[in-house]
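To start, the structure itself, in structure tokens.
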Amino acid sequence: MDSRSYRDPALMSALTTCLQDWEKPVSIMEVCGSHTMAIGRWGIRKLLPSSIRLLSGPGCPVCVTPMSMIDQLAGLKDVTIATFGDLIRVPGERISLEKARAQGLDVQIIYSPLEALKIARKRKTILAGIGFETTIPGIAQTVLEAERQGISDFYVYPAFKLIPPALKALLKINNSIDGFILPGHVSVIIGARAYRFLPRDFGRGGVITGFEPVDIMLAISRLLKQLKNGDCKIENEYSRVVNERGNNKAQDIIYKVFQPERALWRGLGWLENSGLGFKPAYERFDARLVFSLPPLEDYIKSGCRCPDVLRGVIIPSECPLFGSNCNPAHPLGSCMVSSEGSCAAYFKYERNSNEC
Amino acid sequence: MCLAIPGKLVKKEGEIGTVDFGGIAKDIALNFVPEAKPGDWLIVHTGFALNIISEKDARETIALIREAYG
Ligand code: SF4
């Protein structure tokens, strides 16, 4: 598919011109790590007038994973930890998985959860179950495969997170957010209708959009138009990929294996029904039960302002440790580790910009 | 971490498909898109196809944007 039209310089400049006259201060939040990266990469902030503030919310799965989960996994013995690459460098309170590996723990980086199943055929394996609605169906399907193939030594540590409950919690903590750029690939699964509560219950609008520069500029321009007209609603600019209902088949598979439970979000605390745990019929796959792991605790390194970054209260460059004591080579918080973390994206793309 | 990438389904055997990502072919699970057929564009994440992409929608969206802003 040709995506060049979504990078068309003429279209970008037309969209940029349209936004220049905006005077009233507004805060727009994106809740997707890939949008965070795209905004940095395409230099979107520099194209906007100073009245439009772009904030990054809790949209990076690694950034909202409690550090105590890392410590728990890193402290296990005689088991292989299978994880997506983003998690491995995240510091726990004590240790990262990368350091635990150097000390002898078998840690394997996987691209697909199905690879963890292959490893589990030979060795007792725990899959670090992090991710949003985009990643969860694949892991649910992998559990069904483990059952079908009779693989008994495969376990998942369910630390999944759901976006709609997080948006609700966020608006209760920080009501200065005027509108949302909604995630593209989470929405493929849950559909545009999953956000109807935003205008209905909170009077906020949102635009689901893609990852090209035109997509992002268009989402901003549509949100501003909604604000101007006092007509907040959910719009889907990414209809080439996202539909109204989402993928029902994938949703059925998720809820065959998992059920909602309260979840601990790093920096946001425990949020009701914002995560997924195993249904009783699949509990034998739950690493927390099988390995008797205690409930997670929230722990933030002293001075790290990640909770405020994730809530959209500050932007990364407003953290006193940003760039000095905390940088990608020596990260203090996971927002500086994952390439999708807002602190890391700021460090890479916007450090020298006056705009941020 | 939620980034999904588009690829074209070239072959299908049961619930596994061969998907071409600009010259690199990979086996992808089709459990969530049982209706996909060779020639369809899929959006793929961690080895699973999440949905079928509409090329028509992409073209229509761009035409509408051009009309409004171009
Ligand atoms: S810059 Fe570092 S210390 Fe500051 S909020 Fe970001 S991750 Fe935490």
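Lettering of chains follows the sequences in order, A, B, ..., and the numbering in each one begins at 1.
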(request) Show your reasoning for whether ring pair (Phe, Tyr, Trp, His ring centres under 6.0 Å) applies to Phe211(A) and His185(A). (result) CA-CA 10 Å; Phe211(A) 305 91; His185(A) 295 142; 4.7 Å; yes

(request) Quick one: do Glu145(A) and Arg148(A) satisfy salt bridge (charged side-chain N to carboxylate O under 4.0 Å, His left out)? Show the steps, please. (result) CA-CA 5 Å; Glu145(A) 279 298 313; Arg148(A) 194 179 65 81; 2.9 Å; yes

(request) Output, in order, the C-alpha distance, side-chain angles, deciding distance and verdict of side chain to side chain contact (heavy atoms under 4.5 Å, CB included) for Val64(A) and Phe132(A). (result) CA-CA 10 Å; Val64(A) 296; Phe132(A) 297 141; 4.2 Å; yes

(request) Start with the C-alpha distance between Leu9(B) and Lys37(B), add both sets of side-chain angles, then the distance that settles side chain to side chain contact (heavy atoms under 4.5 Å, CB included), and finish with yes or no. (result) CA-CA 7 Å; Leu9(B) 183 61; Lys37(B) 49 186 187 319; 5.6 Å; no

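Of the two parts of Asp252(A), neither the backbone nor the side chain holds a non-hydrogen atom closer than 4.5 Å to a non-hydrogen atom of chain B. Proximity to chain B (any heavy atom under 4.5 Å) is restricted, for Ser34(A), to the side chain, taken from C-beta onward. With a 4.5 angstrom heavy-atom cutoff, Tyr111(A) touches chain B via backbone and side-chain atoms both. Heavy atoms closer than 4.5 Å to chain A are found in the side chain of Ile43(B), but not in its backbone. For a residue to count as touching a neighbouring chain, one of its non-hydrogen atoms must lie under 4.5 Å from one of that chain's; by this rule Pro61(A) touches chain B with the side chain only. Using a 4.5 Å cut-off between heavy atoms, Phe32(B) contacts chain A through both its backbone and its side chain. Both the backbone and the side chain of Ile130(A) come within contact range of chain B, judged by heavy atoms closer than 4.5 Å.
Side chains of Ile253(A) and Pro137(A) form no contact here, defined as non-hydrogen atoms less than 4.5 Å apart. Looking at heavy atoms from C-beta onward, His45(B) lies in side-chain contact with Thr135(A) at the 4.5 angstrom threshold. Contact annotation: the side chain of Asn51(B) approaches that of Asn243(A) to within less than 4.5 Å [non-hydrogen atoms, C-beta and beyond]. Between Val207(A) and Leu182(A), every side-chain heavy-atom pair lies at or beyond the 4.5 Å cut-off.
Interface summary for chain B: among Glu115(A), Gln141(A), Met37(A), the most heavy-atom pairs under 4.5 angstrom belong to Gln141(A). Comparing Ile139(A), Asn248(A), Val241(A), Asn247(A) by how many heavy-atom pairs each has under 4.5 Å with chain B, the most go to Asn247(A). Heavy-atom pairs under 4.5 Å with chain B were tallied for Thr17(A), Val242(A), Asp86(A); the largest tally goes to Asp86(A).
With no hydrogens or angles considered, a side-chain donor-acceptor pair links Glu235(A) and Gln226(A) at under 3.5 Å.
For a heavy-atom cut-off of 4.5 Å, chain A lies close to Lys26(B), Ala29(B) in residues 12-30 of chain B.
Remark: Arg193(A) does not engage Glu244(A) in a salt bridge, criterion side-chain N to carboxylate O under 4.0 Å.
The two residues Ile39(A) and Glu30(A) come nearest to each other via the heavy atoms CD1-OE1, 3.5 Å.
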